[in-house]
Amino acid sequence: MAIIYHPQKYKLEDRSMENFIDTDEINEMLKQAENPTKEQVREVIKKSLDKNRLSLQETAILINANEPELVQEIKDAARKLKERVYGRRIVLFAPLYIGNLCINNCTYCGFRNENKAQKRTTLTTEDLKDEVKALEDAGHKRLILVYGEHPRYNAKFIAESVKTVYGVKHKNGEIRRVNINAAPLDVEGFKTVKEAGIGTYQIFQETYHRETYLKVHKSGLKRDYDWRITGLDRAMEGGIDDLGIGALLGLYDWRFEVMGLLRHVNHFESVFNIGPHTISFPRIQEASGIEVDKKWMVSDEDFTKLVAILRLAVPYTGLILTAREPAEIRDEVLQYGVSQIDGGTNIEMKGYTQDEEEQDIDQEQFEIKDDRSLNEVMEELVGNGFIPSFCTACYRLDRTGEHFMEFSVPGFIKRFCQPNAILTLAEYLEDYAPLATKEKGYKLIEDELKNYEDLRFKNKLVERLEKIKEGKRDLYF
Ligand code: SAM
Ligand code: SF4
């Protein structure tokens, strides 16, 4: 197949474009940390509880801690740290698949070019508007748009779809933040997409292990490990400083991938002085026509442990968990440090507007395990004392690096994030929640208000809540 575009080659003399993953170095660090003593593990846990970033060597110690007692201590510490750093907010979003044409042959993906069973679709502008309307009617405010890799889905196309999404306003609904999960672009391409007003640009490396990478990416542009690993550096050069990294768990040893993710964070911090906004760690799910060696599948036990380790290693990086995981796993790891989840997810092409009976695995990228509606997820979160948040305030006020603000300005979470989470929850309760959820939600808000000692601030918040009840929308601090 002829490839119509080819991304401009990166310049190797530019330091930020060099591959920074050294397989031998990671293997060596994992080996050196084998069989850590209890004292070593506890020392590392203590360091992270003081909200310090962990080094690769320290993270390798936690990875190698296998005694059940120590694993429990890691999880308990992650729970504590999460509460200290993030409070009980959980940000909610939904994925929206724009097109499943793909030139690549990733062995694990239902969209791969060789999978002839997959029905190929690209949403028209009208289809896209209908999907967005359906998502707004469920209560969503934050979306991530997902694309296969194909000449048709170039930067201009992506930018156009972003603008279309922002333009759809239905009843009280609107999408206030659009994130992207798509193939790496060149610097010019990233500039074009940035101009459309995107939030985060996510690119998952899938596996940081080069040999495995070549094995599972059989053909297409994605086979170029270096082009992919330097993708987000180009995004940064193109002006996008809000980045999401990720590894697809189950392709290679999860221990190596956790180290790779951390190395990637270190790279951004050292070259650009700002870490990625989020880390994703999807586990491979069943999909139409995939060929995956089951050897590296990650057990629930290892999965929950690795989420806790990531929380401890990078206290200030958002962790995303998706509906690939079943509800029980989602509920467990929410406590250990996940800060964003999707809700009411449907990853079929045109999935949000079609009847359930029509759904079909040959129309989706992989199977999801959590198909609860957004409201079911909201109700569960509220019932467990989490504050679901649709807040997009920083991004829209141009407080760039929303994430940076959260942690670098003392008291920011208390004065901005937490009250904004409450305000967006109230909007949801007014516009979309059934009565039972509404009652539970307002009870949670009442309980939260009791925690505000600054009465002037509390009154401002109560005033805004009253305005929302009267019909005003989009109020934030
Ligand atoms: N096509 C672009 C790419 O590959 O980067 C962007 C979107 S791709 C549709 C989104 C992500 O889905 C991939 O990066 C991969 O990690 C994940 N994925 C692919 N197949 C999967 C599977 N069988 N189970 C779980 N996640 C999968
Ligand atoms: Fe295409 Fe992305 Fe699927 Fe690979 S993971 S086949 S690039 S859609």
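Note that the structure is a prediction, hence the values are computed from the model and not measured. Along the sequence shown, the residues carry numbers beginning at 1. Ligands are counted one by one from 1 in listed order, and the atoms in each one are counted from 1 as well.
Residue contacts with ligand 1 for A182 involve N, CA, C or O but no side-chain atom from C-beta outward (heavy atoms, distance under 4.0 Å). Residue-level proximity to ligand 1 for N181 is carried by backbone and side chain together, each with a heavy atom below 4.0 angstrom.
The shortest side-chain heavy-atom distance between H264 and I279 does not fall under the 4.5 Å cut-off.
When each of L248, L251, N105 is checked for a side chain to side chain contact (heavy atoms under 4.5 Å, CB included) with V216, only L251 meets the rule. The one candidate from L62, N66, L70 that meets the side chain to side chain contact (heavy atoms under 4.5 Å, CB included) condition with K305 is N66.
Around atom 4 (Fe) of ligand 2, the protein atoms of type N, O or S that sit closer than 2.8 Å are C106 SG.
In the model, Y201 has no side-chain atom that pairs as donor or acceptor with a side-chain atom of N181 under 3.5 Å. One side chain, R177 or T200, offers a donor N or O that lies under 3.5 Å from an acceptor on the other. In summary, the side chains of Q285 and K369 do present a donor paired with an acceptor at a separation below 3.5 Å, with no hydrogens or angles considered. No side-chain donor-acceptor contact under 3.5 Å links D233 and T230. If you check the side chains of N273 and E269, you find no donor sitting under 3.5 Å from an acceptor. Side-chain N/O atoms of E195 and T192 include no donor and acceptor closer than 3.5 Å.
For atom 9 (C) of ligand 1, the closest non-hydrogen atom on the protein side is Q365 NE2, 2.9 Å. Looking only at protein heavy atoms, the nearest one to atom 16 (O) of ligand 1 is E206 OE1, 2.6 Å. Among protein heavy atoms, atom 25 (C) of ligand 1 sits closest to R324 NE, 3.1 Å. Protein heavy atom closest to atom 21 (C) of ligand 1, with residue, atom name and distance, is F366 CD2, 3.5 Å. Among protein heavy atoms, the minimum distance from atom 23 (N) of ligand 1 is reached at Y108 O, 2.8 Å. Taking atom 1 (N) of ligand 1 as the reference point, the nearest protein heavy-atom neighbour is Y147 O, 3.0 Å. The protein heavy atom nearest to atom 24 (N) of ligand 1 is Q285 N, 2.9 Å.
A heavy-atom separation below 4.0 Å is found between K222 and ligand 1. For R228, the closest heavy-atom approach to ligand 1 falls below 4.0 Å. By the 4.0 Å heavy-atom criterion, R283 is counted among the residues contacting ligand 1. In this structure, I284 counts as a contact residue of ligand 1, since one of its heavy atoms falls inside 4.0 Å of the ligand.
Checked by atom type and distance alone, the side chain of N179 never pairs as donor or acceptor with a backbone atom of I144 at under 3.5 Å.
When ring centroids are compared, H217 and Y108 come within the 6.0 Å threshold.
Of all atoms in ligand 1, numbered sequentially from 1 with element shown, those under 4.0 Å from a heavy atom of G148 are 1 (N). Near L248, meaning under 4.0 Å from any of its heavy atoms, are these atoms of ligand 1: 16 (O), 25 (C), 26 (N), 27 (C). Of all atoms in ligand 1, numbered sequentially from 1 with element shown, those under 4.0 Å from a heavy atom of V146 are 7 (C), 9 (C). Less than 4.0 angstrom separates some heavy atom of F204 from each of these atoms of ligand 1: 14 (O), 16 (O).
In this structure F157 satisfies the ring pair (Phe, Tyr, Trp, His ring centres under 6.0 Å) test together with Y153, sequence neighbours excluded.
Shown here for F111 and R120, the closest heavy-atom pair between the two residues is O-NH1, 2.5 Å.
The pair E83-R88 meets the salt-bridge criterion, with a side-chain N (NZ, NE, NH1 or NH2) lying under 4.0 Å from an Asp/Glu carboxylate O.
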